[in-house]
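Proteins come first, then strands; the chains are lettered A, B, ... in the order of their sequence lines, and each starts at number 1.
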Amino acid sequence: MDLPPFYCYNSDDDRKEDVTQVIQDQVASAINKILGTKEVAFNTPPKREFGDFSTAVCLSQAKVQKRAPMQIAEDVKNELAKVRLPYIKEVIVTPPGYLNFKIDHPRYVKSLVNKVTKEKELFGRTNVGRGRKVLIEHTNVNPNKAMHIGHIRNAIIGDSVVRVLEKLGYHVEACNYIDDTGVQVADVVVAMLYMDAPIYDGSGDFNAIWAKWDKSQSFDYWCWDVYSRVAQEYETNAELKAKRADVLHMVEAQDNAVADFAKEVASRIVETHLATVGRLNIYYDLLNWESDIFHRGFWKTAFESLKAKGAVVYETEGPNKGCWIVKFGRGVFETETGLKSEDKVLVRSNGTVTYTGKDIAYQMWKFGVLGQDFLYKLWGIQANGDELWTTSQSGVEMGRFGKADKVINVIDVRQSYTQHIVYDCLKKLGFTKEARNSVHLDYEVVVLSNAAAAELGVDVDGDEAGTQAMSGRKGLGVKGDDLINTLVKRLSEKVQTEKSTNVLAAAAIRYFMSRISTSKMIVFDFDEALRTTGDTGVYCEYAHARACSILNRANEAGLFDRKQAGVFRSVKVPDNVTLPEENLVKKVEEFAGVLRKAGKELSPAPLAHYAFELATVFTDFYENPDPDAEKQVPFIKIEEPVLRNYRLALVDAFRQVMANCLDALGIVPLERI
RNA sequence: GCACUCGUAGCUCAGUGGAUAGAGCGUCUGCCUCCGGAGCAGAAGGCCGCGCGUUCGAAUCGCGCCGAGUGCACCA
């Protein structure tokens, strides 16, 4: 498959303002001039005595120059002494030939603190994405049951990437695809209409059907059980199973009472899903309904293009006889069990279109190359104040959605193959640029540890290592709302307000899902997910709240005015910057780079790790700001105004950057817990 | 069979070419007259799955194994 396009952009321009980058660029160009090299890579020395950053460039030069690396390093050091390098205090050579550089800390700290103070919530942002529109589709949960923690992982990754790319200057559109015409919705409809008495009489009156819903449960929870029950019933009840095809057929026809009922079921479930993810601070710009893809005839248009380009062929023989297929893989081949085909069917022999077929048309719409559009109407205003729009048969034309330069589909890794086919078909249609700009953000799934499964009542040995896949059909899984509720309950004892409790629970869950690489399976364990100490979102929030608390105390004592912008702008930095201070400032500076990394990898994981490291260095600074002193003095009780103001400025810089980082992770920073 | 992903401390994970491989949880030992103890300081715990290569230098790159998982539908 082609390389994801996000690896291609050149972000060099955006690093020009980083203080360390400025310093390293000057050192690098000086070294390049001396050695005649083109590039110098820097890294961090293992020991603080060596300096702030170093390079092994002399080691690789040893072979070229056929001289000892130590000797080269010494020569470079001597040459560098003749050049004026601002911010560099000292150059040290260590075996086997490293060049180490010491920074003039007071100047460095001052310029960085001033930068954070000036840029505030903009600190760390860049504009690499300027002028480019990215459409990110995520969540995409079948609207037939409650969301489980696997769906939650998808939504958290998707929403985090939306936030990161916005901070990198892209124009981002977040879409949530609603498959309201698929078998899963049909199954719940079958269950509601035909599984229990009273059976639907075909009258178009659904009052008796809705009355089956046990209102002591939310609708999505009730459907969760109903769906797993009907899946079991199918095994023994062929008559019921036959109803599925009927319902599916009516839903696709869209011109009958059952189709309207199905839409009503799906809509109600979508509302519950939006409520669930809303608790986690996740929002969208647009809901895209599969029924509208049918209605607007997207497939027909795409199909004509595919035929015109010869990308699809009609099979007159072989295993796919009577189907329109796209050639793929090895094509038709013989196996022990007979003829098999790796080609992908887009139109079945009964004339209906497969999901992949619809997806090709839909992907074309996302890039604005289908030549057709949805109709839209306002769904409502979300809790964050933003409008949420939806495609709709009764909507109006609008020019603002789709037409993206890049499209990111957040779908679990099991669908890599079909995504590949969709992008490949785009290429076959002549949309090579669009195919290249299509990204499958393929994260790994969430499974249950045996212990977690045992807690849910599954018949497994909870003491044994191993995992259980979640399954909607079996009704096996941890529901998102259950996890949130459990956390809220645990946290509420020690948190002052209900609002803070909810934010903190969301922080814990988002952090838990974000810290693990998207390429790694999450083996869900209750103890781990509910933990509030150590490497958690709660710890990060706590550090932030503590910083706010210090600043508030200082404010109350009249030491400075928090509301008054720029009070720290001209902060004086003492001559001796302590190690904890230095570590904090260096970590603060890393934020912009971490944000870029998250954007490049399309993953919240780097930001989560960074947030924890930032919280840790801050806590160290707070506990022990001056390790050489006999006694640590609380910042607000420092008598000397220069030192006190400086330490408070560092607290404020930390507070700002932690808030920015949490925001990128979709976590609301708390002033108080 | 083919393809992709994963394998690092008892457990959960960072680290993707640099110097002595890091965190958290759990275990053990200490620390609340003090800005928020959801914390801090310390101890113990590693053939970075195995082998061969590339390189001055490999957990990191290449090849080959081993183990775990996923995909290869006229399901989505």
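Nucleotide B:A76 holds its C1' atom 11 Å from the CG atom of A:Asp412, rounded to whole Å. Rounded to whole Å, atom C1' of B:C72 lies 6 Å from atom OH of A:Tyr417. Atom C1' of nucleotide B:A38 and atom CZ of A:Arg490 are separated by 13 Å, given to the nearest angstrom. We find that CD of A:Gln415 is positioned 13 Å from C1' of B:A73, with the value rounded to whole Å. In this structure, CD1 of A:Ile421 is placed 13 Å from C1' of B:A76, rounded to the nearest angstrom. We find that CZ of A:Phe42 is positioned 17 Å from C1' of B:G17, with the value rounded to whole Å. One interatomic measurement links the two molecules: CD of A:Glu39 to P of B:G18, which rounds to 14 Å at whole-angstrom precision. The nearest whole Å value for the distance from the CZ atom in A:Arg473 to the P atom in B:A76 is 13 Å.
In this model, a donor atom of one side chain and an acceptor atom of the other lie less than 3.5 Å apart for A:Asn100 and A:Thr94. Side-chain contact annotation: A:Tyr443 with A:Arg153, donor-acceptor N/O pair under 3.5 Å absent. A donor and an acceptor atom, one from each side chain of A:Thr497 and A:Ser500, are located under 3.5 Å apart. Using modelled atom types, one finds a donor on one side chain and an acceptor on the other under 3.5 Å when comparing A:Glu137 with A:Asn140. A:Ser291 and A:Asp180 share a donor-acceptor pair across their side chains, judged by distance under 3.5 Å alone. Checking A:Asp535 against A:Tyr511 by side-chain atom types alone, a donor-acceptor pair falls below 3.5 Å.
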**OP:** For nucleotides 28-37 of chain B, just jot down a letter per nucleotide in 5' to 3' order: B, S or -, based on protein non-hydrogen atoms under 4.0 Å.
**Re:** ------SBBS
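With contacts defined as side-chain heavy-atom distances shorter than 4.5 Å, the pair A:Phe50/A:Phe101 does not qualify.
At least one cation-pi condition fails for A:Arg644 and A:Phe635: the charged atom is not both under 6.0 angstrom from the six-membered ring centre and inside a 45 degree cone around its axis.
Nearest nucleotide to the side chain of A:Ser349, out of B:C74, B:U20, B:C40: B:C74. Distances from the side chain of A:Val345 to the nucleotides B:C72, B:C74, B:A76 place B:C74 closest. Side chain of A:Lys344, nearest nucleotide from B:A73, B:A41, B:G24: B:A73. Looking at the side chain of A:Pro45, the nearest of the listed nucleotides B:A19, B:A38, B:G71 is B:A19. Among the nucleotides B:A38, B:G18, B:A76, the one closest to any side-chain atom of A:Tyr98 is B:G18. Distance from the side chain of A:Thr354 is smallest for B:C74 among the nucleotides B:C74, B:C25, B:A41.
The residue among A:Glu290 and A:Leu504 whose nearest nucleotide of RNA chain B lies closer to the 5′ end is A:Leu504. Nearer to the 5' terminus of RNA chain B, by closest-nucleotide assignment, is the contact made by A:Phe53 (compared with the other of A:Gly322 and A:Phe53).
Residues satisfying the ring pair (Phe, Tyr, Trp, His ring centres under 6.0 Å) criterion with A:Tyr355, sequence neighbours excluded, are absent altogether. In terms of the side-chain hydrogen bond (donor to acceptor under 3.5 Å, both in side chains) criterion, A:Thr536 has no residue partners (sequence neighbours excluded).
The same atom, P, is picked in B:C4 and in B:C11; the two are 29 Å apart, to the nearest Å. For B:G24 and B:G45, the C1' atoms lie 14 Å apart once the distance is rounded to whole Å. One C1' atom belongs to B:U55, the other to B:U16, and the distance between them is 16 Å to the nearest Å. Spacing of P atoms, B:A23 relative to B:C61, comes out at 23 Å, to the nearest Å. Across B:C56 and B:G17, the matching C1' atoms stand 12 Å from one another, rounded to whole Å.
No option in A:Asn624, A:Leu584, A:Asp626 other than A:Asp626 meets the side-chain contact (heavy atoms from CB on, under 4.5 Å) test with A:Thr578. With A:Val446 as the fixed residue, the side-chain contact (heavy atoms from CB on, under 4.5 Å) test singles out one of A:Asp412, A:Ile149, A:Ile516: A:Ile149. The side-chain contact (heavy atoms from CB on, under 4.5 Å) test with A:Thr181 is passed by exactly one of A:Val183, A:Val185, A:Asp179: A:Asp179.
Among the atoms of the strands shown, none is found under 4.0 Å from any heavy atom of A:Ile325. Residue-level contact check: A:Asn100 touches the bases, meaning some heavy atom is under 4.0 Å from a base atom. Within 4.0 Å (heavy atoms only), A:Lys321 reaches at least one base atom of the nucleic acid. Within the 4.0 angstrom heavy-atom criterion, base atoms lie near A:Val495. When heavy atoms are screened at a 4.0 angstrom cut-off, A:Thr55 is found touching no nucleic acid atom at all. If you check every strand for non-hydrogen atoms under 4.0 Å, A:Val413 touches nothing. Within the 4.0 angstrom heavy-atom criterion, base atoms lie near A:Tyr355. Residue-level contact check: A:Thr532 touches the bases, meaning some heavy atom is under 4.0 Å from a base atom.
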**OP:** Decide yes or no on side-chain hydrogen bond (donor to acceptor under 3.5 Å, both in side chains) for A:Tyr646 and A:Glu581, but give the supporting numbers first.
**Re:** CA-CA 10 Å; A:Tyr646 158 67; A:Glu581 292 165 349; 2.9 Å; yes
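A:Asn140 contributes no side-chain N or O that forms a donor-acceptor pair with the base of B:A76 under 3.5 Å. Judged by distance alone with a 3.5 Å cut-off, no donor-acceptor contact links the side chain of A:Thr616 to the base of B:A23. The base of B:C6 has none of its N or O atoms less than 3.5 Å from a complementary donor or acceptor on the side chain of A:Ser519.
Not one side-chain nitrogen or oxygen of A:Asn350 sits closer than 4.0 Å to the OP1 or OP2 atom of B:C74.
Taking 4.0 Å as the cut-off between side-chain N and carboxylate O, A:Lys586 and A:Asp52 count as a salt-bridged pair.
Nucleotide B:C25 is shown with an anti base, its glycosidic torsion being more than 90° from 0.
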Could you pull out the protein-nucleic contacts involving nucleotides 9-15 of chain B (nitrogen or oxygen on both sides, under 3.5 Å)?
from  : atom 1 : to       : atom 2 : distance (Å)
B:C13 : OP1    : A:Met521 : O      : 3.4
B:A14 : OP1    : A:Ser517 : N      : 2.7
B:A14 : OP1    : A:Ser517 : OG     : 2.2
B:A14 : OP2    : A:Lys520 : NZ     : 2.4

Detail all sub-3.5 Å separations between protein N/O atoms and N/O atoms belonging to nucleotides 55-58 of chain B.
from  : atom 1 : to      : atom 2 : distance (Å)
B:C56 : OP1    : A:Lys63 : NZ     : 2.7

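With A:His609 contributing its side chain and A:Arg515 its backbone, the two residues share a donor-acceptor pair below 3.5 Å.
Between A:Phe654 and A:Phe618, the ring planes lie parallel to each other; the angle is under 30°, not in the 30° to 60° tilted range.
Secondary-structure stems of RNA chain B, taken as three or more successive Watson-Crick or G-U wobble pairs (i with j, i+1 with j-1) under a 3.5 Å distance threshold, comprise B:1-7 with B:66-72, B:10-13 with B:22-25, B:27-31 with B:39-43, B:49-53 with B:61-65.
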